[in-house]
Amino acid sequence: METAIATLEKEPKTADEYVDYLLFIDNIQEEQMDDMERELDICSEISDLIDTYQMSGNDEDVGGYTGLVPLLNQLRNLVDYQMMYRENLILGLMEQFQIFNDKVLVDVEEVLLRAYSPQVLDPQSRPSELAHSLGEDKDLLVGYQEHATRFNRYQNQFKLEVTNYDRLEEVLQEVKLRHLLWNSMKNLDTKRNEWDHLPFKDLNADEIVETVTNFTIYAETLENDLPPNAVVPILKAKVDSLVLQLPLIIDLRNPNLKRRHWEELEKVLDQNLTNELITLTMLNEAGIQQYAEFIHEISSQATSEFEAEFLQKNVGKQSVLGIVFEHVSEDEQEG
């Protein structure tokens, strides 16, 4: 009861606190108060029996019961008072909603102005700087969006007018697109630099394919949803450059390539492809792209040979197992 009294005596300040407070008084008024009063009535009857039959009782228990009576009366008065002025709590909650709405409207328009500034679609802008600033604005609006969703739920819960946050959603979409543009520009440059200078033997072809595929989707989305600008074509050109190199990377990182295949490739390309220090940049500078068709033939051949060897081994195992099974069956028949 002391905890409940302390909760009721604490004045709510935020929208979430108002909601918690309203739910608390509704719950305690409808369910808990009756339970506590019934339990106290039982204690009262026990106390009367002790007095009537002059039974010995625990002084601590008797003292505890005596102290519960004023606590329960205090709690009941607090609950009744708050239920009487429940409408004031609702008005306080609505005021918090309005404070939030006013702030959102101001901040959304400021964010939109920044998102529509000329530098945001200027190809001379620095990707890292815009990715950072647009990321901050995006996070701000996403936070507002989470609050708005929760507040709409509260409004439905208490049967209040539901606020429309369409403007917030519209501006958030614009900011997300521009952040995606510059974040893609920044991350693609980082990834390309990493792949160009990492030892070629350490390149993960599957990871590169997945990453480039994602960037391709991003570029197409930005081309369709952003107004015409000079930045998206730059991003697309960078992505397309990587797409052209994917077959070569996949072929040369084929795990089925054996020593004989590497020797055949090195003989035609006149390059030491197994050198642990060789990089994608070094291969491109050596003009390896012109041998893409030949490299693909050797890589496909290596895969076909691996599959044939794998099939042959499995057929051999099945044959051996079949002979053993047949031998066991004949022994069993003789037995």
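Please read these numbers as outputs of a predicted model, since none were measured by experiment.
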Hphob cluster co-occupancy, [X] + [Y], side-chain heavy atoms under 4.5 angstrom:
X	Y	result
Val171	Leu134	no
Leu248	Leu198	yes
Val108	Tyr116	yes
Leu180	Leu141	no
Phe100	Ile90	yes

More than 12 heavy atoms of other residues, nucleotides or ligands under 6.0 Å from [atom1] of [X]: is that the case?
X	atom1	answer
Lys103	NZ	no
Glu161	CD	no
Asn156	CG	yes
Glu136	CD	yes
Phe310	CZ	no

Check: [Y] and [X] side chains under 4.5 Å, non-hydrogen atoms:
X	Y	result
Leu242	Trp195	yes
Val212	Gln245	no
Glu276	Pro199	no
Leu235	Val231	no
Leu273	Ile288	yes

Locate the shortest heavy-atom distance separating [X] from [Y]; write the atom from each residue and the value.
X	Y	answer
Gln290	Ala286	NE2-O, 4.5 Å
Ala302	Asn256	CB-O, 3.6 Å
Leu89	Tyr18	O-CD2, 3.4 Å
Leu160	Met94	CD1-CG, 4.0 Å
Glu266	Asn272	OE2-OD1, 3.4 Å
Arg253	Ala205	CB-CB, 4.0 Å

Would Asp137 and Arg178 count as a salt bridge (Lys or Arg N to Asp or Glu O under 4.0 Å) if you check the C-alpha gap in whole Å, the side-chain angles of each, and the deciding distance to 0.1 Å? CA-CA 11 Å; Asp137 283 341; Arg178 286 157 176 78; over 6 Å; no
Got a sec, which residues hit ring pair (Phe, Tyr, Trp, His ring centres under 6.0 Å) with Phe97, two or more places apart in sequence or on another chain? Phe151
Before you tell me yes or no, could you show the steps for Glu169 and Gln173 under side chain to side chain donor-acceptor pair (under 3.5 Å), namely the whole-Å CA-CA distance, both residues' side-chain angles and the distance that decides it to 0.1 Å? CA-CA 6 Å; Glu169 299 294 336; Gln173 182 61 22; over 6 Å; no
If a pair satisfies ring-ring contact (aromatic ring centres under 6.0 Å, His included) and one of its residues is in residues 225-245, list it, with sequence neighbours excluded. none
Audit row: Asp206, Asn204, side chain to side chain donor-acceptor pair (under 3.5 Å) steps and yes/no: CA-CA 6 Å; Asp206 291 337; Asn204 186 322; over 6 Å; no
From [X] atom [atom1] to [Y] atom [atom2], the distance as rounded to the nearest 0.5 Å:
X	Y	atom1	atom2	answer
Gln96	Leu91	CD	CG	12.0 Å
Asn229	Leu121	CG	CG	4.5 Å
Met185	Leu222	CE	CG	10.5 Å
Asp251	Ile295	CG	CD1	7.5 Å
Thr303	Leu257	OG1	CG	7.0 Å
Leu188	Asn193	CG	CG	11.0 Å

Can you find a side-chain donor-acceptor pair between [X] and [Y] that sits under 3.5 Å?
X	Y	result
Thr216	Asn214	no
Gln301	Glu305	yes
Asn224	Glu220	no

Could you check whether any side-chain N or O of [X] sits under 3.5 Å from a backbone N or O of [Y], counting only pairs where one atom can act as donor and the other as acceptor?
X	Y	value
Ser241	Ala237	no
Asn183	His179	no
Ser125	Gln119	yes
Trp182	Val120	yes
His261	Lys258	yes
Glu223	Val232	no

Could you go through Tyr165 and Asn152, starting from their C-alpha distance and side-chain angles, then the distance that decides it, and tell me whether this counts as side chain to side chain donor-acceptor pair (under 3.5 Å)? CA-CA 9 Å; Tyr165 291 102; Asn152 279 164; 5.0 Å; no
Identify, with sequence neighbours excluded, every residue that meets side chain to side chain donor-acceptor pair (under 3.5 Å) alongside Gln157. none
Side-chain ion pair, Glu207 and Lys191, N-O less than 4.0 Å: yes
If you apply the rule side chain to side chain donor-acceptor pair (under 3.5 Å), what do you find for Asp16 with Tyr154, and how did you get there? CA-CA 9 Å; Asp16 291 318; Tyr154 292 159; 2.8 Å; yes
Using the side chain to side chain contact (heavy atoms under 4.5 Å, CB included) rule, take Arg259 and Thr274 through it: C-alpha gap first, then chi angles, then the decisive distance, then the call. CA-CA 9 Å; Arg259 182 64 229 172; Thr274 55; 3.5 Å; yes
Is there a salt bridge (Lys or Arg N to Asp or Glu O under 4.0 Å) between Glu174 and Lys138 once you walk through the steps? CA-CA 9 Å; Glu174 294 293 326; Lys138 184 191 75 169; over 6 Å; no
Can you check salt bridge (Lys or Arg N to Asp or Glu O under 4.0 Å) on Arg260 and Glu264, steps first, answer last? CA-CA 6 Å; Arg260 63 181 181 274; Glu264 190 172 355; over 6 Å; no
How are the rings of Tyr218 and Phe215 set to each other: parallel, tilted or perpendicular (split at 30° and 60°)? perpendicular
